[in-house]
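Both ligands and their constituent atoms are indexed starting at 1 by order of listing.
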Amino acid sequence: MPSKVAIAIGAHPDDIEFYMAGTLLLLREAGYETHYLNLASGNCGSAQYNGAVTRSIRSAEARAAAKILGAHFHASITDDLEILYNLELLRTLSAIIRDVKPRILLTHSPQDYMEDHTNTSRLAVSAAFTRGMPNFRTAPARPAADYEVTVYHALPHGLCDPLRRRLVPGAFVNTTSVHKIQLKALAAHQSQQNWLDVSQGLNSYLLAMEDMALAVGRMSKRFKHAEGWRRHLHFGFCGPDADPLAPALGKNHLVNKAYERSLERGL
Ligand SMILES: [Zn+2]
């Protein structure tokens, strides 16, 4: 069983590019086989086209973005606002996890402004949890396997939880070296772009990602562009100190000591 496998699980087409793709690109550079899955199709992301047309446009865009990221593409399993924490989706996602066998799982924050994001986080956590349980039926049926997986949660949109509280990450990842590729992958979601200044080739969609990367970079006090991660509690997933992002990313990984201290204080 190959041990260098990572999967990013987002809610909608473009979420991986916004919150996780820099780290996914660096993992690929570090020799990881990378996988790309948006649970929802993006079918609600248009006021111009109906759901079926939008679904097919956004699926093609997501496929193109995954190709730019060099990640294996997995088709969506539901539609926008239908990412509910239910058994059907859990069985389907668990089958994908059993096929991929990730050692690193990147997903949304458990606290985020949008319920599709938080439900994606919950489904990803539970699907990873069931990987070694033969009595949990997946759809389609897949054999269980025993291996360690470490789950990392991205920072939420706006860097705040739904109650407006600021969140800080447990670790920063320096995404500067891959930032341009990340922007290119985001730009593949052409239907979502609201062009403000065609002459400069910039738009609010790309600038929003740029702003977030710079804001997290400032938070790190070390990197220009960064993504932030919080590690899921290890029970049922991996050893207590397992943190495979750190050795995989080397100097591009920075533990946030202030966060570690706050864990000890129980704040
Ligand atoms: Zn989203």
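Here the side chain of T120 pairs a donor or acceptor atom with the backbone of D116 at under 3.5 angstrom.
Using cut-offs of 30° and 60° on the angle between ring planes, the pair H117 and H12 is tilted.
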* Dump the intermediate steps for side-chain contact (heavy atoms from CB on, under 4.5 Å) on I97 and T138, then the final yes or no. => CA-CA 10 Å; I97 292 290; T138 63; over 6 Å; no
Table please: side-chain donor-acceptor pairs of residues 124-134 below 3.5 Å, with sequence neighbours left out.
unit_1 : atom_1 : unit_2 : atom_2 : d
S126   : OG     : Y85    : OH     : 2.5
S126   : OG     : R122   : O      : 3.4
T130   : OG1    : S94    : OG     : 3.3
T130   : OG1    : A127   : O      : 3.0
R131   : NE     : Y147   : O      : 2.6
R131   : NH1    : A128   : O      : 2.9
R131   : NH1    : G236   : O      : 3.0
R131   : NH2    : Y147   : O      : 3.0
R131   : NH2    : G236   : O      : 3.3
R131   : NH2    : F237   : O      : 3.0

Taking only distance into account, with no hydrogens and no angle test, what donor-acceptor pairs under 3.5 Å do side-chain atoms of residues 219-226 form with protein atoms, sequence neighbours excluded?
unit_1 : atom_1 : unit_2 : atom_2 : d
S220   : OG     : G217   : O      : 2.6
S220   : OG     : R222   : N      : 3.1
S220   : OG     : F223   : N      : 2.9
H225   : ND1    : T176   : OG1    : 3.3

Sequence neighbours excluded and cut-off under 3.5 Å, please list the side-chain donor-acceptor pairs for residues 20-31, or say none.
unit_1 : atom_1 : unit_2 : atom_2 : d
T23    : OG1    : E227   : OE1    : 2.6
T23    : OG1    : W229   : NE1    : 2.9
R28    : NE     : G70    : O      : 3.0

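Each protein N, O or S atom less than 2.8 Å from the Zn ion (ligand 1) was counted, giving 4.
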